[in-house]
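Naming convention: chains lettered A, B, ... in sequence-line order (proteins, then strands); numbering from 1 in each chain.
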Amino acid sequence: MPVRAFDEVKGEGLVKLYGRTRALGGVDVTLRAGEVAGIAGPHGSGKSTLLSLLSLEARPTRGALRFGAFDGHRDRRRLRRHIGVLSHQAMLYPDLSAAENLAFFAGLLGVSADRVAVLRERFEVGTYGERAVRTYSRGQLQRVALARALLGAPSLLLLDEPSTGLDTRGIDRLEEAVRAERERGAIVALVTHDARFADALADARVSLRRGKREAA
Amino acid sequence: MSDAPRGTGWGEGWRATVRGAAAVFRKDLRIELRTRDVTTTTARFGVLVVVIASLSFYLDPLLARKIAPGVLWAAIAFGGLLAMGRGWARERELGAFRGLLLAPVPRSALFLGKAAAHLLFLLAVEVVLVPLVALFFHVDLTEVFVPLAVLLVLGSTGFVLAGTLFGALTVRTGARDLALSVVVFPLITPALLGGVAATRQVLVNGADLADLAGWVQILVAFDLVFLAAGAMLFDVLLSD
């Protein structure tokens, strides 16, 4: 299993503008290894924007983002190898099976077939894993999506409303997986409206309102 | 930090691009072999265009051969746009394209892989369309096969490169296929006009490759421009 690539993610003065709309207005944030940070706030507070900056999908208009010794912009392609993202969207190809999807994304990450097999076993992607993803239940889909997010044993795991549509058993499984990642030493950032889920997992809180950090 | 991000020289970047493009191409091919979605839809549409045109415009064998290039390229252009629209629609479902964008591969690899897959699907459809056009429009394929094949491959390549480059925008905008046709058709005009004019020389005048050197150069230049533009601009187009 890969060693952590960084132990801390630090954002300083993060500003994100979409045209004239200010989604983030100067947010400082520090996420540490072995911690789950719950990112909270009402709709439009900038939670998803912050997550998109942390996942390197978007670039801050102003401010700096560092992943340990690495720069979030200059080293972005290499850093992506160490970031896992799980959202309410599965980010899978519906016409491929779970096995094919995982093999495809593992190939892009440069991860071995053994790692795919380990994750399939861990998340009980059994015989259904050979069927097209299109036929899966929400719970099955989210298990495969979680396996995809963890393929590269990420140093930073970003969870965006991961419990949406899951039943109690699915949420329990997800909690278990997040705890395991925290134990492994990953940095976990969690955005959720599910207060019980957040309370059960979050070690630290980042509260946002109108694109700004609220005092804890 | 032993597994920390490794250094990327030019050589490693190039290898990563080729590896990533090959993976995306194989993935699209696997999906297409399973669903036949893109090729079947496009081929049906293209066949319909050819049949309707043959019923509407056919007068005599000579006139038919003069009309054939327009019919063939119209079927390819509209069908190709449909193919690329469907090819990109695949990436929208379940947010799969976001998974690609999060992967540590150069964005140019995603462009090249998608373009190669789209080109293969379009050429496969052309394998059906060309004999059909030959049948309905009195074209002896044995006489024109080589120059026609060269023109189709070059014209289709430029068309697909431009369509793939701007098709990515449809994954991220609400306008979808409308946006693709509005943006792509003006851009591909040189390739389409070149393809039609050169094909007409082949079918009507029996021109060989030597006679078509000028058109071939234009089409090659068009392909190279869009290949370079795609590899360089794909990341910019997908940035927020």
Side-chain angles (χ1 to χ4, degrees), chain A residues 1-7 16-18 23 49 52-53 55-59 61 67-70 74-85 87-97 100-101 103-110 132-134 136 141 145 148-149 151-153 155 158, chain B residues 1-9 12-13 15-38 86-110 113-114 117 171-172 235-236 238-240:
Chain A
M1 184 171 292
V3 176
R4 276 200 308 275
F6 44 84
D7 291 323
K16 183 64 189 174
L17 303 174
Y18 291 104
T49 302
S52 72
L53 299 186
S55 68
L56 304 178
E57 280 180 277
R59 190 181 169 187
T61 311
F67 296 72
F70 301 96
R74 197 190 54 228
D75 302 315
R76 62 190 185 283
R77 185 159 68 79
R78 291 176 284 167
L79 281 166
R80 282 189 182 117
R81 163 74 178 75
H82 302 278
I83 300 172
V85 179
S87 78
H88 51 281
Q89 282 188 314
M91 293 187 244
L92 299 168
Y93 290 93
D95 293 307
L96 297 180
S97 68
E100 289 166 334
N101 267 291
F104 169 63
F105 285 107
L108 294 183
L109 285 164
V133 160
R134 190 181 290 289
Y136 293 3
L141 201 58
R148 180 197 47 70
L151 273 170
S155 298
L158 302 168
Chain B
M1 294 278 183
S2 61
D3 193 53
R6 293 186 299 268
T8 50
E12 192 182 330
R15 277 194 295 276
T17 301
V18 171
R19 258 199 320 269
V24 171
F25 173 77
R26 281 197 303 272
K27 177 267 297 174
D28 271 2
L29 187 59
R30 188 186 287 266
I31 295 175
E32 185 57 25
L33 288 172
R34 184 160 303 159
T35 63
R36 305 266 198 278
D37 181 30
V38 173
R86 293 191 82 85
W88 278 115
R90 241 170 222 174
E91 303 290 344
R92 280 200 291 268
E93 275 193 274
L94 298 181
F97 193 54
R98 196 171 160 218
L100 276 188
L101 294 180
L102 290 167
V105 291
R107 298 277 161 87
S108 55
L110 310 182
K114 291 296 289 182
V171 184
R172 299 206 132 191
D235 192 14
V236 178
L238 294 174
S239 299
D240 56 323

Side chain, backbone, both or neither: which part of B:Ala16 has an atom under 4.5 Å from a heavy atom of chain A?
-> side chain
For the residue pair A:Leu92 and B:Leu94, what are the closest heavy atoms and their distance?
-> O-CB, 3.4 Å
Hits for side chain to side chain donor-acceptor pair (under 3.5 Å) against A:Arg148, two or more places apart or cross-chain, chain-then-number order -> none
Name the one of B:Glu91, B:Arg90, B:Arg30, B:Glu93 that satisfies side chain to side chain donor-acceptor pair (under 3.5 Å) with A:Tyr93?
-> B:Glu91
So, the part of B:Arg107 with a heavy atom under 4.5 Å from chain A: the answer is side chain
Below 4.5 Å, heavy atoms only, C-beta onward: do B:Arg34 and A:Leu96 meet side chain to side chain?
-> yes
Side chain, backbone, both or neither of A:Ser52 within contact of chain B (heavy atoms, under 4.5 Å) | neither
Does A:Ser97 have any side chain to side chain donor-acceptor pair (under 3.5 Å) partners at least two apart in sequence or in another chain, and if so, which?
-> A:Glu100
Is the shortest heavy-atom distance from the side chain of B:Asp37 to the side chain of A:Asp95 under 4.5 Å?
-> no
Most chain A-contacting option - heavy-atom pairs closer than 4.5 Å, from B:Ala96, B:Ala103, B:Gly99 | B:Ala96
Would you name the heavy atoms of A:Leu108 and B:Ala23 that are closest together and state the gap between them?
-> CD2-CB, 3.9 Å
With only heavy atoms counted, which part of A:Ile83 is less than 4.5 Å from chain B, the side chain, the backbone, both or neither?
-> neither
Which heavy atom of A:Met91 sits nearest a heavy atom of B:Leu102, and at what distance?
-> SD-CD1, 3.7 Å
Of all the heavy-atom pairs spanning B:Leu100 and A:Phe104, show the shortest one and how long it is.
-> CD2-CZ, 3.5 Å
What is the minimum heavy-atom distance between A:Arg77 and B:Pro106, and which atoms define it?
-> CD-N, 3.5 Å
Would you call A:Arg76-B:Asp235 a salt bridge at under 4.0 Å N-O?
-> yes
